[in-house]
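One-based numbering, in listed order, for ligands and for the atoms of each. Numbering of residues begins at 1 and proceeds along the displayed sequence.
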Amino acid sequence: MREKYVRFCVSLPKDLLEELDRRTVLRGYSSRSELVRDLIREMLIEDMWEREEEDVVGVLTIVYDHHDIRLVSRMLDVQHKYHVNVLCNTHVHLDHRNCLETMIIKGKASQIEGLSTQLAGMRGVKFAKLVKAGKPEK
Ligand code: NI
(Lines give C-alpha, C1' and ligand atoms only; values in the text may rest on other atoms or scores of the structure.)
Protein backbone atom coordinates (compact mmCIF):
# COMPACT_ATOMS: atom_id res chain seq x y z
CA MET A 1 0.00 0.00 0.00
CA ARG A 2 1.31 3.40 -0.93
CA GLU A 3 2.30 5.54 2.04
CA LYS A 4 0.46 8.74 2.68
CA TYR A 5 2.60 11.79 2.11
CA VAL A 6 2.24 15.04 3.97
CA ARG A 7 3.56 18.37 2.79
CA PHE A 8 5.12 20.74 5.28
CA CYS A 9 6.83 24.07 5.10
CA VAL A 10 10.46 24.61 6.11
CA SER A 11 12.23 27.93 6.41
CA LEU A 12 15.88 27.94 5.40
CA PRO A 13 18.48 30.62 4.82
CA LYS A 14 18.72 31.21 1.06
CA ASP A 15 22.34 29.99 0.91
CA LEU A 16 21.44 26.73 2.64
CA LEU A 17 18.57 26.09 0.23
CA GLU A 18 20.95 26.69 -2.70
CA GLU A 19 23.35 24.11 -1.22
CA LEU A 20 20.49 21.64 -0.82
CA ASP A 21 19.43 22.15 -4.44
CA ARG A 22 23.03 21.80 -5.66
CA ARG A 23 23.36 18.48 -3.82
CA THR A 24 20.01 17.31 -5.09
CA VAL A 25 21.38 17.63 -8.64
CA LEU A 26 24.93 16.38 -7.86
CA ARG A 27 23.68 13.24 -6.13
CA GLY A 28 21.17 12.47 -8.85
CA TYR A 29 18.06 12.89 -6.73
CA SER A 30 14.82 13.42 -8.60
CA SER A 31 13.70 16.09 -6.14
CA ARG A 32 14.83 17.86 -2.99
CA SER A 33 12.06 15.99 -1.14
CA GLU A 34 13.72 12.67 -1.98
CA LEU A 35 17.06 13.96 -0.66
CA VAL A 36 15.46 15.22 2.55
CA ARG A 37 13.65 11.88 3.04
CA ASP A 38 16.97 10.03 2.73
CA LEU A 39 18.68 12.43 5.15
CA ILE A 40 15.96 11.77 7.72
CA ARG A 41 16.25 7.98 7.20
CA GLU A 42 20.01 8.23 7.65
CA MET A 43 19.42 10.06 10.94
CA LEU A 44 16.95 7.34 12.07
CA ILE A 45 19.54 4.65 11.34
CA GLU A 46 22.18 6.62 13.27
CA ASP A 47 19.72 6.68 16.20
CA MET A 48 19.14 2.91 15.90
CA TRP A 49 22.91 2.42 16.23
CA GLU A 50 22.89 4.62 19.34
CA ARG A 51 19.94 2.86 21.01
CA GLU A 52 21.36 -0.67 20.79
CA GLU A 53 17.85 -2.19 21.09
CA GLU A 54 17.64 -3.92 17.75
CA ASP A 55 19.99 -5.49 15.26
CA VAL A 56 21.61 -3.26 12.70
CA VAL A 57 23.73 -4.01 9.66
CA GLY A 58 27.14 -2.63 8.85
CA VAL A 59 29.46 -2.96 5.89
CA LEU A 60 33.12 -2.94 6.79
CA THR A 61 35.65 -2.35 4.03
CA ILE A 62 39.32 -3.04 4.72
CA VAL A 63 42.51 -3.02 2.67
CA TYR A 64 45.53 -4.94 3.90
CA ASP A 65 48.80 -6.51 2.83
CA HIS A 66 48.28 -10.25 2.45
CA HIS A 67 52.04 -10.92 2.60
CA ASP A 68 51.80 -10.53 6.37
CA ILE A 69 50.68 -14.07 7.17
CA ARG A 70 50.31 -13.32 10.87
CA LEU A 71 47.95 -10.45 10.08
CA VAL A 72 45.81 -12.69 7.84
CA SER A 73 45.69 -15.32 10.57
CA ARG A 74 44.77 -12.78 13.26
CA MET A 75 42.05 -11.30 11.06
CA LEU A 76 40.56 -14.74 10.47
CA ASP A 77 40.64 -15.53 14.20
CA VAL A 78 38.71 -12.36 15.01
CA GLN A 79 36.15 -12.98 12.26
CA HIS A 80 35.59 -16.54 13.48
CA LYS A 81 35.08 -15.22 16.99
CA TYR A 82 32.29 -13.03 15.59
CA HIS A 83 31.02 -15.71 13.17
CA VAL A 84 27.39 -15.20 14.15
CA ASN A 85 27.65 -11.60 13.07
CA VAL A 86 29.60 -11.86 9.81
CA LEU A 87 26.99 -12.65 7.16
CA CYS A 88 29.26 -12.57 4.15
CA ASN A 89 32.70 -11.64 3.10
CA THR A 90 34.01 -10.60 -0.32
CA HIS A 91 37.69 -10.64 -1.14
CA VAL A 92 39.30 -8.92 -4.12
CA HIS A 93 43.03 -9.08 -4.93
CA LEU A 94 43.71 -5.40 -5.64
CA ASP A 95 47.29 -5.89 -6.81
CA HIS A 96 50.35 -8.02 -6.06
CA ARG A 97 50.40 -6.97 -2.41
CA ASN A 98 47.02 -5.56 -1.39
CA CYS A 99 43.70 -7.22 -0.73
CA LEU A 100 40.35 -5.50 -0.33
CA GLU A 101 37.65 -7.14 1.72
CA THR A 102 34.10 -6.16 2.49
CA MET A 103 32.18 -7.77 5.31
CA ILE A 104 28.46 -7.50 5.86
CA ILE A 105 27.98 -7.68 9.60
CA LYS A 106 24.66 -7.94 11.46
CA GLY A 107 24.02 -7.65 15.16
CA LYS A 108 24.07 -5.19 17.99
CA ALA A 109 25.85 -1.97 17.14
CA SER A 110 28.44 -2.54 19.85
CA GLN A 111 29.34 -5.98 18.45
CA ILE A 112 29.72 -4.61 14.93
CA GLU A 113 31.78 -1.69 16.16
CA GLY A 114 33.85 -4.03 18.34
CA LEU A 115 34.72 -6.27 15.40
CA SER A 116 35.40 -3.29 13.15
CA THR A 117 37.65 -1.62 15.69
CA GLN A 118 39.64 -4.80 16.25
CA LEU A 119 40.21 -5.34 12.53
CA ALA A 120 40.89 -1.69 11.76
CA GLY A 121 43.44 -1.42 14.55
CA MET A 122 45.59 -4.33 13.41
CA ARG A 123 49.05 -3.50 12.14
CA GLY A 124 49.08 -3.97 8.37
CA VAL A 125 45.46 -2.91 7.85
CA LYS A 126 45.93 0.15 5.64
CA PHE A 127 42.34 1.26 5.28
CA ALA A 128 39.17 0.53 7.19
CA LYS A 129 35.77 2.11 6.94
CA LEU A 130 32.50 1.03 8.49
CA VAL A 131 29.27 2.07 6.81
CA LYS A 132 26.36 2.03 9.23
CA ALA A 133 23.18 0.67 7.73
CA GLY A 134 19.99 -0.89 8.96
CA LYS A 135 16.40 -1.40 8.05
CA PRO A 136 14.83 2.03 7.98
CA GLU A 137 11.81 2.24 10.28
CA LYS A 138 10.06 4.65 7.90
NI1 NI B 1 43.86 -11.09 -2.00
Colleague: With no hydrogens and no angle check, is any side-chain donor or acceptor of H66 less than 3.5 Å from a backbone partner on H96?
Modeller: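 The answer is yes, because a donor-acceptor pair under 3.5 Å joins these two groups.
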Colleague: Is it true that atom NZ of K126 has more than 12 heavy atoms of other residues, nucleotides or ligands lying nearer than 6.0 Å?
Modeller: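 Enclosed.
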Colleague: Using the rule that two of Ile, Leu, Val, Met, Phe, Trp, Tyr join whenever any of their side-chain heavy atoms come within less than 4.5 Å, decide whether L12 and Y29 are in one cluster.
Modeller: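 Same cluster: L12 reaches Y29 through Ile, Leu, Val, Met, Phe, Trp or Tyr contacts under 4.5 Å.
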Colleague: Using a 3.5 Å distance criterion without hydrogens, assess whether the side chain of E52 forms a donor-acceptor pair with backbone atoms of S110.
Modeller: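 Here the side-chain-to-backbone pair exists.
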Colleague: Tell me the protein N, O or S atoms under 2.8 Å from the Ni ion (ligand 1), in chain and number order.
Modeller: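 Protein N, O or S atoms closer than 2.8 Å to the Ni ion (ligand 1): H91 NE2, H93 ND1, C99 SG.
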Colleague: Could you tell me which residues satisfy side chain to side chain contact (heavy atoms under 4.5 Å, CB included) with D77, sequence neighbours excluded, listed by chain and number?
Modeller: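 For D77, the residues satisfying side chain to side chain contact (heavy atoms under 4.5 Å, CB included) (neighbours in sequence not counted) are S73.
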Colleague: Would a distance-only check, ignoring hydrogens and angles, find a side-chain to backbone donor-acceptor pair under 3.5 Å from K106 to V86?
Modeller: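 No; judged by distance alone, with no hydrogens or angles, the pair does not exist.
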